[in-house]
Amino acid sequence: MVKILPQQLVKPFVARNKTDAADDQAVCVAMTRPEIRPVPAKSIEAQGRQMLMATRERLIRERTRLSNTIRGHGAEFGHTCGQGFAHLPRLMDAIANADDLPGEVKALFAEHWGEFQALQARIAAIEIKVRAAFKADEKARRLAEIPSVGEIIGLTLSVKAPAPEAFASGRAFTAWLGLTP
């Protein structure tokens with residue numbers, strides 16, 4: 001039988017430099033500790049959903065980074081706009097119609113803008129997959145009935161959180177989440 005140990009609980013048992021042998025020894029020592037409980041293995045579907053959510057998160061971070069880059073470069077050339085994605089099209093129009101910018105600079109802005117729009121399309125496609133995964137996950141739909149829990153949080157909790165039986169109480173679960181001092 002295979003048992004999966006939480007990596008963050010095994011790491012303190014690594015006695016010296018990180019090598020495969022040192023890692024193996026740390027796992028063996030951690031297995032002997034009664035307070036370190038194994039975590040249940042995820043199903044293939046749950047792993048796929050977790051990958052979907054991680055991909056969505058990465059694309060959103062990339063989109064934010066790119067919008068900040070566009071806004072920052074625009075400010076360097078005297079063209080500013082408000083924060084938020086809704087203001088970027090006006091900024092890009094102002095840059096495209098600016099007479100004081102060289103063609104090379106406008107081309108670079110156009111390249112950034114094309115990349116931003118491609119990211120928007122990829123995020124929209126991922127969002128469709130997230131909605132489909134949410135609809136297919138009965139546990140996520142039940143979690144979404146809780147006030148202030150929607151599709152994203154419900155699906156994330158459904159995929160990442162261990163079985164409720166692993167916790168002694170609701171307080172233990174909130175501590176696992178990091179919500180209690």
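In this chain, numbering begins with 1 at the start of the sequence shown. Excluded from the calculations below are hydrogen atoms, water molecules and symmetry mates; all remaining heavy atoms, backbone and side chain alike, are included.
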message = Is there a path of hydrophobic side-chain contacts, each under 4.5 Å between heavy atoms, that joins Ile70 and Ile60?
response = yes

request  = Find the distance between CG (Leu101) and CG (Leu108) and round it off to the nearest 0.5 Å.
outcome  = 11.0 Å

request  = Would you check if Phe77 and Ile95 make a side-chain contact, meaning some heavy-atom pair closer than 4.5 Å?
outcome  = no

inquiry  = Under 3.5 Å, is there a donor on one side chain and an acceptor on the other for Asn68 and Arg71?
reply    = yes

inquiry  = Ignoring hydrogens, what is the shortest heavy-atom contact between Ser158 and Asp137? Give both atom names and the distance.
reply    = OG-OD2, 2.6 Å

Arg56 side chain reached by Leu52 side chain, heavy atoms, under 4.5 Å = no

query = Closest heavy-atom contact between Leu157 and Leu177?
reply = CD2-CD2, 4.1 Å

inquiry  = Could you check whether atom CG of Asp24 has more than 12 heavy atoms from other residues, nucleotides or ligands sitting under 6.0 Å from it?
reply    = yes

remark   = Residues Arg63 and Gln120: closest non-hydrogen pair is NH1-OE1, 2.7 Å

ask   = Can you name the nearest heavy-atom pair linking Ala144 to Phe134, along with the distance?
value = CB-CZ, 3.5 Å

request  = Determine whether Val14 and Met31 fall in the same hydrophobic cluster, where Ile, Leu, Val, Met, Phe, Trp and Tyr are linked whenever their side-chain heavy atoms lie under 4.5 Å apart.
outcome  = no

inquiry  = A side-chain contact here means heavy atoms from C-beta on lying under 4.5 Å apart; do His73 and His112 qualify?
reply    = yes

key: Heavy-atom side-chain contact between Thr156 and Glu57 under 4.5 Å   = no

message = Within the structure provided, determine whether Ile126 and Val130 are in side-chain contact (heavy-atom separation under 4.5 Å).
response = yes

ask   = Can we say Glu145 and Arg141 salt-bridge, meaning some charged N sits less than 4.0 Å from an Asp/Glu carboxylate O?
value = no

CD on Glu127 to CG on Leu59, rounded to 0.5 Å = 10.0 Å

query = What pairs with Phe116 under ring-ring contact (aromatic ring centres under 6.0 Å, His included), at least two apart in sequence or on another chain?
reply = Phe85, Trp113

message = Measuring from atom CD1 of Ile44 to atom CZ of Arg49, what distance do you get when rounded to the nearest 0.5 angstrom?
response = 12.5 Å

query = Under a 4.5 Å cut-off applied to non-hydrogen side-chain atoms, are Met53 and Ile152 in contact?
reply = yes

inquiry  = Counting neighbours of NZ on Lys139 that are heavy atoms of other residues, nucleotides or ligands and sit closer than 6.0 Å, is the number greater than 12?
reply    = yes

inquiry  = Can you list everything that forms a salt bridge (charged side-chain N to carboxylate O under 4.0 Å, His left out) with Glu115? Sequence neighbours excluded, please.
reply    = none

query = How long is the span from the CD atom in Glu138 to the CG atom in Leu143, to the nearest 0.5 Å?
reply = 9.5 Å

request  = For the pair Arg65 and Leu119, evaluate side-chain contact (heavy atoms from CB on, under 4.5 Å) and give the outcome as yes or no after the intermediate values.
outcome  = CA-CA 11 Å; Arg65 185 198 62 77; Leu119 274 172; over 6 Å; no

note = Tightest non-hydrogen contact, residues Ala46 and Val159, listed as O-CG1, 3.3 Å

key: ring-ring contact (aromatic ring centres under 6.0 Å, His included) involving Phe13 - partner list, sequence neighbours excluded   = none

query = Which atom names give the shortest non-hydrogen contact between Ile153 and Ser148, and what distance separates them?
reply = CD1-O, 4.1 Å

Linked, directly or transitively: Leu179 and Val149 (ILVMFWY side chains, under 4.5 Å) = yes

query = Does some side-chain heavy atom of His87 sit less than 4.5 Å from a side-chain heavy atom of Leu91?
reply = no

message = Whether Arg58 and Glu62 form a salt bridge (side-chain N of Lys/Arg under 4.0 Å from carboxylate O of Asp/Glu) is what I want to check.
response = no

